[in-house]
Amino acid sequence: MINRNLVRGFALMALALGFGLPSMGYSLGTLGRAGPGMFPFIVSCMLFVIGAITVVRARLVAPVHMDFQVRNIAIILGSLCGFALLSHFVNMIAGIVFLVFCSGFAGTSYSWKRNLKIAAVLVGIAFAFQKLLGVSLPLY
């Protein structure tokens, strides 16, 4: 039996290494004056620690059986592709709404009210990024 928690921890650690090691190729700078590699390196370090804690915890608790739901993986990948296409050809608000409502089909229960709340919060975050931080997002 494959332990889902163990695989989850190793996947987080691999993802952290995948982004953390290349970020060391950029200048890290100092904490007072961060370079372009500092942010991805710090986030990768935190993700690696979370992955290591997950691996240790997986050894201490009862193993949980891992099963793959190919249908759910396909729904999530389709949602991400639809988000990218709608964001590029229509606008990002339509992409966010599509992503939330389409990926909701992968869950155990579907609630359009919950999806509407999640989409509203994500659109609000996107507006905050655009207006407050000056990130160029094609929201409308």
Side-chain angles (χ1 to χ4, degrees):
M1 174 176 79
I2 300 174
N3 187 351
R4 178 175 57 188
N5 294 329
L6 192 63
V7 171
R8 183 181 297 156
F10 282 130
L12 286 174
M13 290 168 60
L15 189 66
L17 288 174
F19 284 98
L21 292 177
S23 72
M24 293 176 63
Y26 296 104
S27 170
L28 294 179
T30 64
L31 290 177
R33 186 161 173 86
M38 180 69 80
F39 179 74
F41 180 73
I42 290 176
V43 171
S44 296
C45 287
M46 290 188 301
L47 188 62
F48 189 86
V49 168
I50 291 170
I53 291 170
T54 304
V55 167
V56 170
R57 184 180 172 275
R59 295 292 189 185
L60 300 175
V61 298
V64 179
H65 178 67
M66 182 169 167
D67 56 335
F68 285 101
Q69 303 265 336
V70 177
R71 175 185 167 270
N72 291 348
I73 294 170
I75 289 172
I76 298 299
L77 287 175
S79 299
L80 290 170
C81 291
F83 167 75
L85 289 172
L86 282 172
S87 294
H88 183 69
F89 292 112
V90 181
N91 61 38
M92 191 172 273
I93 293 176
I96 290 171
V97 171
F98 176 80
L99 174 72
V100 171
F101 278 87
C102 186
S103 62
F105 289 116
T108 55
S109 65
Y110 190 83
S111 170
W112 67 270
K113 291 179 185 177
R114 179 187 65 217
N115 290 344
L116 193 62
K117 292 174 189 175
I118 293 170
V121 168
L122 290 176
V123 168
I125 291 171
F127 271 111
F129 271 52
Q130 184 187 47
K131 302 296 182 191
L132 300 176
L133 298 178
V135 178
S136 177
L137 296 176
L139 292 180
Y140 42 86

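You'll find the side chain of Phe48 stays beyond 4.5 Å of the side chain of Leu12, heavy atoms only. At least one side-chain heavy atom of Gln69 sits less than 4.5 Å from a side-chain heavy atom of Asp67. The closest side-chain heavy-atom distance from Leu99 to Ser79 is below 4.5 Å. Under the 4.5 Å side-chain criterion, counting only non-hydrogen atoms from C-beta, Ile2 is not in contact with His65. For the pair Phe83 and Met92, the minimum side-chain heavy-atom distance is below 4.5 Å. When side chains are defined from C-beta on, Asn3 does not count as touching Arg59, because their heavy atoms never get closer than 4.5 Å.
Residues Ser23 and Leu28 approach most closely at O-CD2, 4.0 Å, considering heavy atoms. Here the closest non-hydrogen pair linking Ala106 and Ile76 is CB-CD1, 3.9 Å. Annotation for Met13 and Val55: closest pair SD-CG2, 3.9 Å, computed over non-hydrogen atoms. Here the shortest heavy-atom pairing between Tyr140 and Phe127 reads CE2-CE2, 3.5 Å. Minimum interatomic distance between Ser44 and Ala16 (heavy atoms only, all atoms of both residues): O-CB, 3.2 Å. Between Pro22 and Leu17, the closest heavy-atom pair is CD-O, 3.8 Å.
For Leu31, the CG atom is loosely surrounded, since the number of other residues' heavy atoms within 6.0 Å does not exceed 12.
For the atom pair OG (Ser27) and CZ (Arg33), the distance works out to 10.0 Å, reported to the nearest 0.5 Å. Atoms CG and NE2, from Leu86 and His88 in turn, are 11.5 Å apart once rounded to the nearest 0.5 Å. To the nearest 0.5 Å, atoms CE (Met24) and CE (Met38) are separated by 11.5 Å. Separating the CZ atom in Phe41 from the CE atom in Met46 is a distance of 11.5 Å, to the nearest 0.5 Å. Here CD1 of Ile96 is found 9.0 Å from CG of Asn91. Values are rounded to the nearest 0.5 Å.
No single ILVMFWY cluster, assembled from side-chain heavy atoms under 4.5 Å apart, contains both Phe68 and Phe10. Residues Leu139 and Ile125 fall within the same hydrophobic cluster, defined by Ile, Leu, Val, Met, Phe, Trp and Tyr side chains chained together at heavy-atom separations under 4.5 Å. Leu85 and Ile75 fall into different hydrophobic clusters, where Ile, Leu, Val, Met, Phe, Trp and Tyr are joined by side-chain heavy atoms under 4.5 Å apart, directly or via other members. The hydrophobic cluster containing Phe89 does not contain Ile93, counting ILVMFWY residues as joined when their side-chain heavy atoms lie under 4.5 angstrom apart, directly or transitively. Ile50 and Val61 sit in two unconnected hydrophobic clusters of ILVMFWY residues. Membership requires side-chain heavy atoms under 4.5 Å apart, directly or through other members.
A side-chain donor-acceptor contact under 3.5 Å links Gln130 to the backbone of Leu137. Of the possible polar contacts, none joining the Thr54 side chain to the Gly9 backbone as a donor-acceptor pair under 3.5 Å is found.
For Tyr110 and Phe105, the distance between ring centers is under 6.0 angstrom.
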